[in-house]
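Okay, so here's the structure we're looking at.
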Amino acid sequence: MKKYICLFSLLLWSCIDPYEVIIEEGPQLLTIEGMITSGPGPHKVKLTRTDTYGSIYEGLIRPVSGATVIVRDDSGKVIFLTEDLENRGDYLSPEDFSAEIGNSYTLQIQLIEGKVYTSLPEKVAPVPEIQNVNYKIQKIPIEGELNPASGVQFTVDIKDPIDEDNFYYWKKGPSVYILETRPDLYTEPPPSRAPAPKECCVACFRTEQVSNNSIFIAQDDNFNGLSTRIPAAFVLDNGLRFVNRYRIDLKQYSISSGAYRFLRLVKQQVELNGSVFDPPPANIRGNMISLDNPDEVVLGYFMAAGERIERVYVDATKLDFVQPKAIIADDCREVEGAQTDMPSDWNP
């Protein structure tokens with residue numbers, strides 16, 4: 001019996017040969033993401049390169065450092081952007097620079113190896129005021145879960161200018177909320193895990209920048225010259241944000257038709273269901289071109305936009321549904337971005 005077992009094992013071992021996977025490596029695509037607005041600076045341009053393999057896989061994203069980055073307006077004025085030493089690949093305008101309504105701007109970049117890129121001109125359009133901000137709970141069913149996910153949906157009321165094409169884009173600015181924790185439940189680090197309650201502190205003001213994963217855009221085809229209410233942002237309830245008071249700055253932009261088309265394509269790609277039957281992610285080209293090689297694929301878009309900012313406070317007691325309160329068993333000051341001092345501009 002032992003002889004047969006040994007022979008069978010040898011046959012199995014001899015049949016297994018190493019299989020070498022060969023993946024076609026594609027070019028390193030330059031991605032340029034930049035936006036200047038009529039709002040306060042600094043404004044940011046981000047330069048990265050992405051490794052591609054074949055046509056659908058994107059690998060490591062690397063910052064592009066050491067570039068010369070300028071913004072030029074249609075009168076010839078040049079604004080130099082400086083690289084952020086703490087965030088390589090991010091280039092910032094001076095704090096006192098703001099785009100002017102009616103002016104056109106072009107982004108120009110020279111990489112450290114000498115390659116030069118430019119955008120097509122982008123004109124800054126005026127943006128109407130935000131007349132009112134409304135908010136309500138939006139529930140998101142989760143398959144197999146009794147308790148749905150949820151968050152706060154923000155909508156804005158605007159009066160669209162008549163007899164002109166307008167394109168809108170909304171983003172979330174910085175937010176601040178009252179963070180409540182349980183320092184009385186603090187325990188020593190492992191392995192002891194012994195109770196070690198702290199006397200302070202149970203409430204802090206936490207500042208955070210909520211990611212803009214969803215894209216909120218609109219074209220005035222259906223409301224030209226009319227007053228309308230449009231979804232502008234969504235903030236997920238993580239069990240911490242909507243326990244007490246929550247504040248967020250909503251940013252409304254008036255963008256070009258080209259920027260709107262670019263964002264619409266990105267939105268369509270982001271909102272794919274993600275099943276195996278979906279088409280592979282597309283490399284969406286924007287308004288950036290290489291002056292050395294016009295056939296080079298350059299990703300991203302440079303935008304110039306008019307900007308309005310509206311600050312809104314959310315009172316958790318007025319929400320008809322919130323997530324169960326998350327427990328942080330520690331001093332609230334240990335949470336990133338949290339402090340006990342009330343912001344000087346906190347005015348619910």
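Residue numbers count from 1 along this sequence.
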[X] atom [atom1], over 12 foreign heavy atoms within 6.0 Å:
{"X": "Glu113", "atom1": "CD", "answer": "yes"}
{"X": "Glu129", "atom1": "CD", "answer": "no"}
{"X": "Lys77", "atom1": "NZ", "answer": "no"}
{"X": "Lys325", "atom1": "NZ", "answer": "yes"}
{"X": "Glu95", "atom1": "CD", "answer": "no"}
{"X": "Ile112", "atom1": "CD1", "answer": "no"}

Thinking salt bridges, do Glu83 and Arg88 make one under a 4.0 Å N-O criterion?
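Yes.
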Asp184/Lys198 ion pair, N-O < 4.0 Å:
no
Write down the atom of [X], the atom of [Y], and the distance for their closest heavy-atom approach.
{"X": "Gly114", "Y": "Asp292", "answer": "O-OD2, 4.4 Å"}
{"X": "Leu240", "Y": "Asp237", "answer": "N-OD1, 4.3 Å"}
{"X": "Arg193", "Y": "Thr187", "answer": "O-CB, 3.8 Å"}
{"X": "Tyr91", "Y": "Ala67", "answer": "OH-N, 3.0 Å"}

Judged by modelled atom types alone, do [X] and [Y] share a side-chain donor-acceptor pair under 3.5 Å?
{"X": "Asn147", "Y": "Gln323", "result": "yes"}
{"X": "Ser104", "Y": "Glu122", "result": "no"}
{"X": "Asp90", "Y": "Asn87", "result": "no"}
{"X": "Glu307", "Y": "Thr37", "result": "yes"}
{"X": "Asp345", "Y": "Asn347", "result": "no"}
{"X": "Tyr177", "Y": "Arg241", "result": "no"}

Parallel under 30°, tilted from 30 to 60°, perpendicular over 60°: which one fits the rings of [X] and [Y]?
{"X": "Phe167", "Y": "Tyr260", "value": "tilted"}
{"X": "Trp170", "Y": "Tyr168", "value": "parallel"}
{"X": "Tyr301", "Y": "Phe262", "value": "tilted"}
{"X": "Tyr253", "Y": "Tyr169", "value": "tilted"}

Is there a side-chain contact between [X] and [Y] (heavy atoms, below 4.5 Å)?
{"X": "Leu263", "Y": "Met303", "value": "yes"}
{"X": "Leu81", "Y": "Val71", "value": "yes"}
{"X": "Val298", "Y": "Ile289", "value": "no"}
{"X": "Ile32", "Y": "Leu107", "value": "yes"}
{"X": "Phe154", "Y": "Pro231", "value": "no"}
{"X": "Ser257", "Y": "Gln219", "value": "no"}
{"X": "Arg229", "Y": "Phe223", "value": "no"}
{"X": "Phe205", "Y": "Asp341", "value": "no"}

Go through it in stages, so that I can follow the logic: the residues are Val152 and Leu319, the test is side chain to side chain contact (heavy atoms under 4.5 Å, CB included), and I'd like the CA-CA distance, side-chain angles, deciding distance and then a yes or no.
CA-CA 9 Å; Val152 175; Leu319 300 176; 4.2 Å; yes
Give a yes or no on whether the backbone of [Y] and the side-chain of [X] come within a donor-acceptor separation of less than 3.5 Å.
{"X": "Gln209", "Y": "Lys172", "answer": "yes"}
{"X": "Ser254", "Y": "Pro126", "answer": "yes"}
{"X": "His43", "Y": "Ser98", "answer": "no"}
{"X": "Asp160", "Y": "Leu226", "answer": "no"}

I want to check a possible cation-pi pair here: Lys139 against Phe321, using under 6.0 Å from ring centre and within 45° of the ring axis as the test.
yes
Taking Cys204 and Cys332, which are both Cys, do their SG atoms fall under 2.5 Å of each other?
yes
Go through it in stages, so that I can follow the logic: the residues are Arg311 and Leu250, the test is side chain to side chain contact (heavy atoms under 4.5 Å, CB included), and I'd like the CA-CA distance, side-chain angles, deciding distance and then a yes or no.
CA-CA 6 Å; Arg311 176 164 289 176; Leu250 294 181; over 6 Å; no
CA sep, side-chain torsions, deciding dist, call: Gln252, Val127, side chain to side chain contact (heavy atoms under 4.5 Å, CB included):
CA-CA 8 Å; Gln252 176 172 285; Val127 58; 3.7 Å; yes
side-chain hydrogen bond (donor to acceptor under 3.5 Å, both in side chains) assessment of Ser150 paired with Gln138:
CA-CA 6 Å; Ser150 65; Gln138 180 175 326; over 6 Å; no
